[in-house]
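To keep things clear, I will list the structure first and then write my remarks on it.
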Amino acid sequence: MPGPRRDAAPILALVGVTAIWGVTFVQVQDALELYPLFAFLAVRFAISALALAPFAWREVGALPREGLLAGIGIGVLLATAYGFQTAGLELTTVASTGFITGLYVLFTPLIALALFRTPVPPALWAGIALAVVGLLLLNGVPGGSTMGNALVLASALAAALQIVALERFAPRYDARALTFLQMATAFVGFAIIAVALGQLEVPRGATVWAALLVTGVFAGALGYLVATWVQARTTAARAALVFTLEAPFAALAGVLLADEVLGVAGWLGCAVLMAGIVVAEPAAAATLRRLSRRGARA
């Protein structure tokens, strides 16, 4: 059945990206205990841009002016999302940050519908509703600072706008060029902030460098390249729904790598999030059924 497999391939690639993002969360936490945050982000995105440069410089040079502006604009939205999330996290709780950040899964289809009249099928709305419930179970009821929560909410809106913008521009321009411009723009923005805060310094130690290289090359360059490629082949709402899997992957990494305890509500939240993907993504669900049948035969 080649049709479903082709339909499932971009979604499954995006699942792989969210797994990388989630698993690196623990590694980043360890590194940030030893190295300033905005310096870390600046160096991380510098590594991402350098990793992509040999494969993207010709494509960037071939972009029209509109393509260059699109890539830079999407990069500004990406950096804004990271920056507001970081500022909010310093003022509110981790649980609130996790839940409110995940609300981009709801904001994305609403923004895409309002700006570009992108239709959202009923099954996708059902999957989004399940994702919000899953995030609530996984992270708990939001609390913490009102200002901190407002900043994280601004981060979620910026993330939703970034996903919607990619839906608009990824089909038009080369994925390598758009990804490089996003990484380079984020690097410049965070480098300016790091210098202004006096945080920019040379990274030291295996823990910091390992986190920088993994997030810079795999979570950054490769992850966003795949995400940009996929968004040329799917809608913003579908991509946003799959992105929410970063939360259960991060939780699982915490359990396996940092001896964290998830609890019954947390495990239930992960299951509800997965159910949302299955409900909203028939192609991915068909692939999972085929894999389960093969496992049963083995």
Side-chain angles (χ1 to χ4, degrees), residues 11 14-26 28-29 78 81-82 84-89 91-112 120 122-146 148-164 219 223 227 235-256 258 260-281 284-285:
I11 297 301
L14 214 53
V15 171
V17 169
T18 63
I20 294 173
W21 289 345
V23 169
T24 58
F25 191 81
V26 174
V28 171
Q29 280 187 318
L78 178 67
Y82 271 92
F84 275 130
Q85 184 188 55
T86 301
L89 182 58
L91 298 175
T92 191
T93 63
V94 174
S96 292
T97 301
F99 174 72
I100 297 171
T101 298
L103 289 179
Y104 64 70
V105 70
L106 179 60
F107 298 148
T108 297
L110 293 174
I111 292 172
V120 182
L124 188 52
W125 280 122
I128 290 168
L130 286 170
V132 173
V133 172
L135 287 167
L136 185 59
L137 289 168
L138 185 59
N139 295 288
V141 178
S145 158
T146 300
N149 290 344
L151 289 171
V152 179
L153 187 64
S155 165
L157 286 168
L161 285 167
Q162 190 257 354
I163 296 169
V164 171
T235 65
R238 292 177 71 193
L241 178 60
V242 178
F243 285 149
T244 60
L245 289 178
E246 180 183 2
F249 280 127
L252 182 61
V255 171
L256 296 177
E260 295 180 359
V261 178
L262 197 52
V264 174
W267 286 112
L268 182 58
C270 292
V272 172
L273 275 163
M274 290 297 298
I277 301 295
V278 171
V279 166
E281 293 294 341

- Looking only at heavy atoms, the pair that brings Gly148 and Ser145 closest together is N-OG, 3.0 Å
- Item | Rounded distance (nearest 0.5 Å) linking atom CG of Leu130 with atom CE of Met274 | 12.5 Å
- Pairwise distance OG1(Thr146) to CG(Leu91) - rounded to 0.5 angstrom: 10.5 Å
- Okay, side chain of Thr18, backbone of Val15: is any donor-acceptor separation there less than 3.5 Å? yes
- Query: Mind checking what makes side-chain hydrogen bond (donor to acceptor under 3.5 Å, both in side chains) contact with Gln85, not counting sequence neighbours?
  - Reply: Thr101
- Message: I need the minimum non-hydrogen distance between Ala131 and Leu241, along with the two atoms involved.
- Response: CB-CD1, 3.7 Å
- Item | Test item: Thr92 side-chain N/O and Gly88 main-chain N/O as donor-acceptor pair under 3.5 Å | no
- Mark yes when over 12 heavy atoms from residues, nucleotides or ligands other than Phe84 sit less than 6.0 Å from its CZ; otherwise mark no. no
- Query: Do you know the tightest heavy-atom contact between Val279 and Ala126?
  - Reply: CG1-CB, 4.0 Å
- Note on the structure: Note: Ser155 and Ala81 closest approach over all heavy atoms is OG-O, 2.7 Å
- Query: When rounded to the nearest 0.5 angstrom, what distance separates SG in Cys270 from CG in Leu252?
  - Reply: 7.5 Å
- Item | Shortest non-hydrogen contact between Ile128 and Pro109, atoms and distance | CD1-CG, 3.5 Å
- Distance from Leu138 atom CG to Leu273 atom CG, nearest 0.5 Å? 6.5 Å
- CZ (Arg238) and CD1 (Ile163) are apart, to the nearest 0.5 Å, by 14.0 Å
- Note on the structure: When every non-hydrogen atom of Ala160 is compared with those of Phe107, the smallest separation belongs to CB-CB, 3.7 Å
- Message: Once you measure the plane-to-plane angle for Phe243 and Tyr104, does it fall in the parallel (<30°), tilted (30-60°) or perpendicular (>60°) bin?
- Response: perpendicular
- Message: Working to the nearest 0.5 angstrom, can you tell me the gap between Leu14 CG and Leu245 CG?
- Response: 8.5 Å
